[in-house]
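Comments concern the structure below.
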Amino acid sequence: MKETQASTQNEQLAINGGEPVRTEPLPWELPGALWIGEEERELVNRVITGQSPFRFYGPDPQHMVETLEKEWCEKYGHPHALAVSSGTAALSIALSALHISPGDEVLVAGYMWVSCISAIVRSGAIPRLVDIDDTFCMDPEDLETKINSRSRAILLVHMSGAPGHVSRIADIAREHSIPLIEDCAQAAGASQNNTNAGQFGDISTFSFQLNKNMTAGDGGMIVCKDDALFDRIFALHDLGYARKDGRLDTSNEDCQYWGLGARMSDLTGAMALAQFRKLGQITGAMRTAKWKIREALSAIPELQFRNILDPQGDSGPFLITTFPEGDLCARFIEALRAEGIRGPQNSLACLTMGEWGLHWYFNIPSLTEKRSNSKDGFPWTHPANAFSGDIDYTRGALPVCDDLHDRSALLTISSKLTDRDVDDIIWAFKKVAKTLFNR
Ligand SMILES: Cc1ncc(COP(=O)(O)O)c(C=O)c1O
């Protein structure tokens with residue numbers, strides 16, 4: 001907002017009865033969804049016209065999933081990409097492809113998404129929590145203290161749109177000969193120092209669920225370099241076997257597994273392909289708006305921003321701020337919302353981390369209570385996992401996670417913010433800071 005407007009604006013906070021900065025909600029935060037349009041309609045229509053929504057055969061297949069995989073490989077330089085039904089399925093397949101099973105530990109940060117823990121537990125392995133640092137991603141130093149003789153994989157999640165110390169963690173993984181899985185569900189289109197998210201690990205996964213940088217409603221992608229690993233990933237995502245000319249081929253004795261049934265349909269492929277072709281524009285819009293906001297607020301010392309190691313590679317969907325203490329954080333966010341910094345009903349635009357549910361380890365009851373899907377308490381009760389009895393997942397396990405959770409907040413950056421929206425966000429932060437920080 002221009003200084004002249006700012007100076008005439010009522011400086012009394014809306015939460016105290018003053019005039020709010022704005023009354024109209026900000027646009028929805030769902031990055032790819034707001035870009036769905038003619039391109040998606042055109043590709044979906046082709047699949048419908050061809051009466052062939054199955055990717056492997058049909059009267060007139062349009063090969064949308066195959067094209068998506070091909071373009072993905074071309075853009076990011078992966079030898080292999082396989083589209084799947086969700087990011088959660090992608091993680092399960094990745095762990096299974098690496099033979100993760102009872103007796104194994106998988107290292108994962110305490111700020112993640114429930115799917116990460118779910119995939120580990122369903123594999124029969126035990127999650128070993130690692131703390132985060134000011135990047136809000138896995139802390140490489142804590143990782144080194146947590147690696148032990150049972151460590152069989154590192155599941156590195158690029159949280160909230162940008163990688164943390166990914167190169168360092170990839171080095172640690174190599175030094176210890178532990179496979180690295182990158183979970184890029186929240187970071188499609190992100191990079192660090194010109195290396196794309198998904199290129200550091202042995203296997204990388206993506207999600208196309210509605211909240212992600214590109215979306216098909218649901219869907220996901222798995223990429224890897226190794227040919228044999230890819231054959232296994234393919235069989236596991238399908239019915240446990242390879243395919244030949246679109247039909248299941250059970251003849252190879254080295255490729256006879258139990259599949260997950262997580263194929264992507266060609267209808268989903270059509271949506272995802274149209275979105276993928278817009279991904280750069282979507283992340284570009286969020287990154288530009290977000291860094292304009294960050295820079296405009298950089299002179300407020302009480303507002304600390306998440307450490308993003310390479311701003312050029314930030315995909316931009318979240319602005320994370322950390323406050324001197326938790327009570328101030330909660331009051332700040334309440335005041336911001338009263339100023340109109342909120343989205344439409346049911347959107348999650350402006351939140352304290354305390355309101356951010358299943359992203360934090362101690363908010364996942366199935367983990368803290370060690371719940372099981374089976375009658376015998378598997379995997380916690382499996383003899384090879386007897387060591388898990390000593391692991392406590394309740395709050396207190398990861399001090400930095402606990403502290404940053406209590407003092408931090410998150411503003412989603414819509415991919416359709418106007419200049420006016422951006423100015424209003426900046427002005428609202430400044431207005432609230434002036435009163436709450438006594439500036
Ligand atoms: C970090 C992370 N991993 C995995 C997933 C799971 O993706 P999906 O919802 O497509 O199963 C999500 C998103 O929901 C996520 O944020």
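When a ligand or atom number is given, it counts from 1 through the structure's own listing order. All values derive from a computational prediction rather than experimental measurement.
Checking H80 against D227 by side-chain atom types alone, a donor-acceptor pair falls below 3.5 Å.
A donor-acceptor pair under 3.5 Å is formed between the side chain of S52 and the backbone N or O of D60. For the pair S408 (side chain) and L404 (backbone), a donor-acceptor distance under 3.5 Å is present.
For residues 172-184, every residue pair satisfying the side chain to side chain donor-acceptor pair (under 3.5 Å) rule, not counting sequence neighbours, is listed here: H158-E182, D171-R174, E182-S204.
Within 4.0 Å of ligand 1, contacts by protein heavy atoms are made from S86, G87, T88, L91, W113, S115, V157, D183, A185, Q186, S207, Q209, K212, G219.
Using bins of under 30°, 30° to 60° and over 60° for the plane-to-plane angle, the ring pair F230/F234 lands in the tilted bin.
Checked against a 6.0 Å centroid threshold, the rings of W356 and F136 do not count as neighbours.
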